[in-house]
There are 2 protein chains.
Amino acid sequence: MHHEFKDQAANAYRLEEQVGFLLRRASQRHLAIFAQMMPEITSTQFAALAKLCELGPTSQNALGRATGMDAATIKGVADRLRARDLITATPDPQDRRRHYLIPTEAGLALYARRAETGVAISDETLAPLSAREQATFLELLRKLC
Amino acid sequence: MHHEFKDQAANAYRLEEQVGFLLRRASQRHLAIFAQMMPEITSTQFAALAKLCELGPTSQNALGRATGMDAATIKGVADRLRARDLITATPDPQDRRRHYLIPTEAGLALYARRAETGVAISDETLAPLSAREQATFLELLRKLC
DNA sequence: CAAAATCCGTTTGTACACGAACAAGTCAGA
DNA sequence: TCTGACTTGTTCGTGTACAAACGGATTTTG
């Protein structure tokens, strides 16, 4: 029968207690908060834009590395940012493989206007925790990357 | 010029300090560990299969609710599990809209065989933390879902 | 200097993830 | 009883995410 398997395995594995499951749920909640508070742009796109504003002209792959997106992912993100005129690309004269990505005026303005909201989104995500717990949580979470 | 925007915003927003960014990175690392330790199935698919083994016959949407996947997502996951003969679907005679999802022998066996690995994956993900830190982290993470 | 190793950007294929809309089935309340 | 409000499963469109492969450019190294 099946219930021996079930009982045996259930002793070892409870979905609700696995880090992966909790990380997924917490991310989902965070992304919902983001979408609600900054509906005009994606979390990922805002991260890439913010990093690009911080770094200045950067090659596409380098921006991907700086934001934790692989080459295929950052390609799509950069394409969508370009389609929305938040960034532009200009060829690097030194290296013919490379294109520098640069934020447009609109991109820079969006970042300047919405950076505060970005912080507010983090605050809202962490709201269920006390200030002390938030600090602890962030410290531990940072160790898991 | 641009650097006033940049400096001003940079004071408020540092990507590396935002929860969303850290959650994304931690999830990425976890998923990489999962893929390495259980290459034959996806994290999401294993979660759905495990929950289904625990619950027994369940409708597709109900399984989605139990695993935190919306209707469109669980549809794809269930389709792939069915394509791999890990679950089957039989119509509910009481409610003609509904199909019960049920793990196959192969699905049950996979779960029984790999549940331990699931726990090991969680352990490996949390390995950078001490036992005490792990408990704290899980407790706080649970509050953020 | 030439070959090997890297890096750049791109494409293809697969898999989540969610909003929005839909048809069909079910159920509660007027 | 019938009508309106749900629920179930489905589809479509968009956006992340990664593996694997590729051609072309550049750098390293023998």
Side-chain angles (χ1 to χ4, degrees), chain A residues 20-21 23-36 38-49 57-84 86 89-101, chain B residues 20-21 23-36 38-49 57-84 86 89-101:
Chain A
F21 181 73
L23 283 172
R24 200 174 113 252
R25 304 289 281 142
S27 287
Q28 285 173 345
R29 177 166 159 274
H30 170 260
L31 290 174
I33 291 170
F34 195 104
Q36 203 220 320
M38 217 189 289
E40 76 270 38
I41 194 174
T42 285
S43 154
T44 312
Q45 288 172 29
F46 188 73
L49 176 62
T58 311
S59 80
Q60 186 173 283
N61 283 0
L63 182 60
R65 264 175 257 123
T67 51
M69 306 177 199
D70 82 346
T73 300
I74 192 65
K75 164 102 170 59
V77 174
D79 283 352
R80 286 181 283 274
L81 286 172
R82 231 155 18 103
R84 299 181 52 181
L86 296 171
T90 63
D92 177 350
Q94 257 72 52
D95 187 336
R96 270 186 298 163
R97 294 169 302 180
R98 225 175 292 200
H99 286 261
Y100 281 132
L101 299 183
Chain B
F21 181 73
L23 282 172
R24 201 175 114 253
R25 304 288 282 142
S27 286
Q28 285 173 347
R29 176 166 159 277
H30 171 259
L31 290 174
I33 291 169
F34 195 104
Q36 202 220 321
M38 218 190 288
E40 76 271 37
I41 195 174
T42 287
S43 154
T44 313
Q45 288 173 31
F46 188 72
L49 176 61
T58 311
S59 79
Q60 187 174 282
N61 284 0
L63 181 59
R65 264 175 257 125
T67 51
M69 308 177 199
D70 82 346
T73 300
I74 192 65
K75 163 94 167 65
V77 174
D79 283 352
R80 287 181 283 273
L81 285 172
R82 231 155 18 103
R84 300 180 53 181
L86 296 171
T90 63
D92 177 350
Q94 256 73 53
D95 186 337
R96 270 187 299 164
R97 295 169 300 181
R98 220 174 297 196
H99 287 260
Y100 281 134
L101 299 183

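Note on naming: letters A, B, ... go to the chains in the order of the sequence lines (proteins, then strands), and numbering restarts at 1 for each one.
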Problem - Residue-phosphate contact under 4.0 Å: Gln45(B) side-chain N/O, dC16(C) OP1/OP2 - result: yes
Practice task
Between dA15(C), dT26(D), dG25(C), spot the one nearest the side chain of Arg96(A), thanks.
Solution key: dT26(D)
Practice task
Return the value, rounded to whole Å, for the distance between atom CG of Leu49(A) and atom P of dT16(D).
Solution key: 13 Å
Practice task
Look at the side-chain N and O atoms of Arg24(A) and state whether any lies under 4.0 Å from the OP1 or OP2 oxygen of dC16(C).
Solution key: no
Exercise for the section: Go through Val77(B) and Thr44(B) one step at a time and tell me if the side-chain contact (heavy atoms from CB on, under 4.5 Å) criterion holds. Expected result: CA-CA 7 Å; Val77(B) 174; Thr44(B) 313; 3.9 Å; yes
Practice task
Taking the side chain as every heavy atom from C-beta outward, state whether His99(B) and Thr90(B) have any atom pair closer than 4.5 Å.
Solution key: no
Handout entry: Gap between atoms CZ and C1', on Arg80(B) and dT10(D) respectively (whole Å)
Key = 15 Å
Exercise for the section: Enumerate the residues from residues 64-79 of chain A whose closest heavy atom to DNA chain D is under 4.0 Å, giving them by residue number; use none for an empty result. Expected result: Asp70(A), Ala72(A), Thr73(A)
Problem - Minimum-distance pair of heavy atoms, taken over all atoms of Ala78(A) and Gln60(A) - result: CB-OE1, 3.9 Å
Problem - Backbone N/O of Arg24(B) and side chain of Arg29(B): donor-acceptor pair under 3.5 Å - result: no
Exercise for the section: Could you check which of dG9(C), dA15(C), dC7(C) has an atom nearest any side-chain atom of Ser59(A)? Expected result: dG9(C)
Practice task
Using a cut-off of strictly less than 4.0 Å, decide whether Thr42(A) has a side-chain nitrogen or oxygen near OP1 or OP2 of dT16(D).
Solution key: yes
Completion exercise
note: Phe34(A), atom CZ; dC18(C), atom P; distance rounded to Å ~ 16 Å
Practice task
Starting from the 5' end of DNA chain D, give me the residue, Arg84(A) or His99(B), whose nearest nucleotide shows up first.
Solution key: His99(B)
Problem - Gap between atoms CZ and C1', on Arg25(A) and dC18(C) respectively (whole Å) - result: 13 Å
Problem - 5′-ward residue of the pair Arg98(A)/Ala32(A) relative to DNA chain C - result: Arg98(A)
Practice task
Using a 4.0 Å heavy-atom cut-off across all strands, classify Asp95(A) as base, sugar-phosphate, or nothing.
Solution key: sugar-phosphate
Problem - Length of the line joining Leu31(A):CG and dA17(D):C1', which is rounded to integer Å - result: 13 Å
Handout entry: Rounded distance in Å - CG (Leu63(B)) to C1' (dG9(D))
Key = 14 Å
Practice task
Measure the shortest side-chain to side-chain distance between Arg84(A) and Gln45(A) over non-hydrogen atoms and say whether it is less than 4.5 angstrom.
Solution key: yes
Exercise for the section: Measure across Thr67(B) and Ala47(B) and return the closest heavy-atom pair with its distance rounded to 0.1 Å. Expected result: CG2-O, 4.0 Å
Exercise for the section: Tell me, yes or no, whether the heavy-atom count around Gln36(B) atom CD, taken from other residues, nucleotides or ligands under 6.0 Å, exceeds 12. Expected result: no
Handout entry: Validation row: Leu81(A), Ile41(A) side chains within 4.5 angstrom (heavy atoms)
Key = yes
Exercise for the section: Could you work out which one of dC16(C), dA17(D), dC18(C) sits closest to the side chain of Thr44(B)? Expected result: dC16(C)
Problem - Distance, rounded to the nearest Å, where Ile41(B) contributes CD1 and dT14(C) contributes P - result: 18 Å
Handout entry: Separation of atom CD in Gln28(A) from atom C1' in dG15(D), rounded to whole Å
Key = 15 Å
Handout entry: Below 4.0 Å: OP1/OP2 of dC8(C) and any side-chain N or O of Gln60(A)
Key = no
Problem - Among dT26(D), dA17(D), dG9(D), the one nearest Arg97(A) by side-chain distance - result: dT26(D)
